[in-house]
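Heads up: the structure comes next, in structure tokens.
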Amino acid sequence: MPKISYWKKGKGQALVLLPGFCETKEMWEDFVGPLLTSCEVWCPDLPGFGSSDAYKSDFTISDIGKKIALWMLTNNIGNASLIGHSLGGYLALEMAKLPNLNLRGLGLFHSTAYPDSEEKKVNREKTVEFVNKHGVSKFISSSLPLLFKRENRDRCKEDIDQLIAHASQLPKDSIVKYLEAMRDRNDNRETFAVFPKPKLMICGVEDTAVTLDDSLTHKKFVDQFCQLSDCGHMGMFEQKEKAQAAICDFMESLKI
């Protein structure tokens with residue numbers, strides 16, 4: 001099995017936080033503080049990102065979900081809650097289909113159960129072309145700040161700079177393969193609707209990657225819906241305390 005790099009902190013019920021596209025486990029380090037008194041928090045790097053081994057061949061989102069599930073089982077991370085940011089949410093939905101994980105709860109953090117629209121698929125192709133032509137560093141530095149609401153970028157400059165520093169080191173091949181896997185991912189609306197355990201959704205009112213209208217279509221299926229105002233796609237930085245509170249409340253509700 002390819003090595004999955006991770007860190008874990010805290011004691012209590014297990015919570016796995018999955019990073020998104022071109023994100024690494026370091027993004028959660030300053031976020032998890034309030035969770036550590038009641039949760040054992042696990043934060044892995046996705047295969048091919050951060051310090052985790054790369055996937056040797058082409059892959060699907062389902063393939064990666066199975067790899068992370070195997071990592072969880074190997075590390076005896078049982079009866080866990082799984083919360084994924086963006087791409088991490090797509091992975092969490094695939095993992096929710098796997099009965100041997102026995103998940104306790106499921107959360108989408110600026111993510112969606114919808115597949116890519118035809119327009120989004122075209123944009124993925126254009127992004128692949130851009131990465132191949134201009135390289136990783138230019139792609140990251142030009143695209144990553146756009147995930148933050150414009151008015152929040154100065155306030156979050158240090159966070160943005162750190163994210164860019166980590167993401168700029170990622171291999172081009174992995175970035176391209178993830179773009180293609182996201183383009184071709186499954187429609188998991190039914191998966192999300194019928195998942196029998198508690199569900200959380202956190203969305204940004206001004207998120208341009210996963211729009212509020214999109215997120216609101218999921219609302220009737222969730223037990224807790226958190227709508228972050230003055231926020232783009234990066235609520236763990238743009239609205240840190242509110243996002244922390246939402247996850248703390250969700251995890252606390254699972255004890256009942």
Side-chain angles (χ1 to χ4, degrees), residues 5-10 15-36 39 41-46 48-52 83-92 107-112 127 131 135-171 174-175 178-179 182 200-212 215 226-251:
S5 179
Y6 67 93
W7 58 260
K8 71 168 181 172
K9 296 179 182 177
L15 169 63
V16 177
L17 296 175
L18 297 179
F21 178 58
C22 293
E23 296 170 352
T24 62
K25 61 185 180 296
E26 288 78 15
M27 69 178 287
W28 301 111
E29 288 180 342
D30 293 330
F31 179 79
V32 299
L35 292 160
L36 300 182
C39 295
V41 182
W42 297 73
C43 297
D45 280 327
L46 304 182
F49 285 166
S51 300
S52 289
I83 297 176
H85 177 245
S86 199
L87 162 62
Y90 309 156
L91 294 166
L108 299 184
F109 196 166
H110 299 298
S111 192
T112 178
T127 304
V131 173
V136 171
S137 182
K138 187 170 183 179
F139 165 62
I140 295 297
S141 63
S142 62
S143 63
L144 195 148
L146 302 180
L147 298 175
F148 291 72
K149 182 185 173 184
R150 181 185 297 276
E151 290 79 5
N152 292 339
R153 291 173 198 165
D154 286 342
R155 174 170 61 84
C156 297
K157 185 180 185 305
E158 185 176 340
D159 297 315
I160 292 171
D161 289 345
Q162 289 181 350
L163 289 166
I164 288 174
H166 286 295
S168 295
Q169 304 303 312
L170 301 178
S174 291
I175 290 174
Y178 271 106
L179 283 165
M182 289 190 291
L200 165 70
M201 188 159 203
I202 302 174
C203 63
V205 170
E206 299 182 63
D207 189 342
T208 58
V210 180
T211 66
L212 178 61
S215 297
C226 177
Q227 187 172 307
L228 299 175
S229 58
D230 189 30
C231 186
H233 192 63
M234 304 296 285
M236 67 287 295
F237 301 106
E238 296 178 82
Q239 292 292 342
K240 180 179 177 181
E241 292 181 359
K242 291 179 181 178
Q244 287 170 328
I247 295 177
C248 285
D249 288 349
F250 181 67
M251 296 303 293

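Keep in mind that the numbers below use all heavy atoms, side chains included, and drop hydrogens, waters and symmetry copies. Throughout, numbering of the chain's residues begins at 1 and tracks the sequence.
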With heavy-atom distances below 4.5 Å as the criterion, would you say the side chains of [X] and [Y] are in contact?
{"X": "L46", "Y": "P19", "value": "yes"}
{"X": "V16", "Y": "P44", "value": "yes"}
{"X": "I247", "Y": "L15", "value": "yes"}
{"X": "D230", "Y": "K149", "value": "yes"}

So which atom in [X] and which in [Y] form the shortest heavy-atom distance, rounded to 0.1 Å?
{"X": "L144", "Y": "A167", "value": "CD1-CB, 4.4 Å"}
{"X": "M251", "Y": "C39", "value": "CE-SG, 3.8 Å"}
{"X": "L146", "Y": "R153", "value": "CA-NH2, 3.7 Å"}
{"X": "L35", "Y": "C248", "value": "CD2-SG, 3.7 Å"}
{"X": "I160", "Y": "P145", "value": "CG2-CG, 4.1 Å"}

First locate atom [atom1] of [X], then atom [atom2] of [Y], and finally report the distance between them rounded to the nearest 0.5 Å.
{"X": "D207", "Y": "C231", "atom1": "CG", "atom2": "SG", "value": "7.5 Å"}
{"X": "M234", "Y": "M27", "atom1": "CE", "atom2": "CE", "value": "5.0 Å"}
{"X": "C22", "Y": "I140", "atom1": "SG", "atom2": "CD1", "value": "4.0 Å"}
{"X": "E206", "Y": "R150", "atom1": "CD", "atom2": "CZ", "value": "11.5 Å"}
{"X": "F21", "Y": "L147", "atom1": "CZ", "atom2": "CG", "value": "10.0 Å"}
{"X": "S51", "Y": "Q169", "atom1": "OG", "atom2": "CD", "value": "11.0 Å"}

Pairing residues for [X] by the side-chain hydrogen bond (donor to acceptor under 3.5 Å, both in side chains) criterion, not counting sequence neighbours:
{"X": "R155", "value": "N152"}
{"X": "S52", "value": "none"}
{"X": "S86", "value": "H233"}
{"X": "H85", "value": "E23"}

Checking the side chain of [X] only, and the main-chain atoms of [Y] only, is there a donor and an acceptor separated by less than 3.5 Å?
{"X": "Q227", "Y": "V205", "answer": "no"}
{"X": "D45", "Y": "K25", "answer": "yes"}
{"X": "S215", "Y": "T211", "answer": "yes"}

Please name all residues satisfying salt bridge (Lys or Arg N to Asp or Glu O under 4.0 Å) with [X], sequence neighbours left out, ordered by chain then number.
{"X": "E26", "value": "none"}
{"X": "K157", "value": "D161"}
{"X": "D30", "value": "none"}

Check your understanding: Quick one: salt bridge (charged side-chain N to carboxylate O under 4.0 Å, His left out) pairs with a partner in residues 236-251, sequence neighbours left out?
Key ->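 Matches after skipping sequence neighbours: none remain.
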
**Study point:** S111/V210 under side chain to side chain contact (heavy atoms under 4.5 Å, CB included): CA gap, chis, key distance, verdict
**Key:** CA-CA 6 Å; S111 192; V210 180; 5.5 Å; no

Point to revise | Under the side-chain contact (heavy atoms from CB on, under 4.5 Å) test, residues paired with P171 that sit two or more places apart | key: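 Once residues adjacent in sequence are excluded, the partners of P171 under the side-chain contact (heavy atoms from CB on, under 4.5 Å) criterion are S174.
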
Point to revise | With sequence neighbours excluded, residues passing side-chain contact (heavy atoms from CB on, under 4.5 Å) with T208 | key: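 So T208 forms no side-chain contact (heavy atoms from CB on, under 4.5 Å) with any residue.
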
**Study point:** Partners passing ring-ring contact (aromatic ring centres under 6.0 Å, His included) against F31 (at least two apart in sequence or in another chain)
**Key:**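 If we apply the ring-ring contact (aromatic ring centres under 6.0 Å, His included) test to F31, skipping adjacent residues, the hits are W28.
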
Practice item. Can you sort out the partners of F148 under ring-ring contact (aromatic ring centres under 6.0 Å, His included), two or more places apart, ordered by chain and number? Key: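 With sequence neighbours excluded, F148 shows a ring-ring contact (aromatic ring centres under 6.0 Å, His included) to no residue whatsoever.
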
Practice item. Go through the steps to decide whether L170 and Y178 satisfy the test side chain to side chain contact (heavy atoms under 4.5 Å, CB included), and finish with yes or no. Key: CA-CA 12 Å; L170 301 178; Y178 271 106; over 6 Å; no

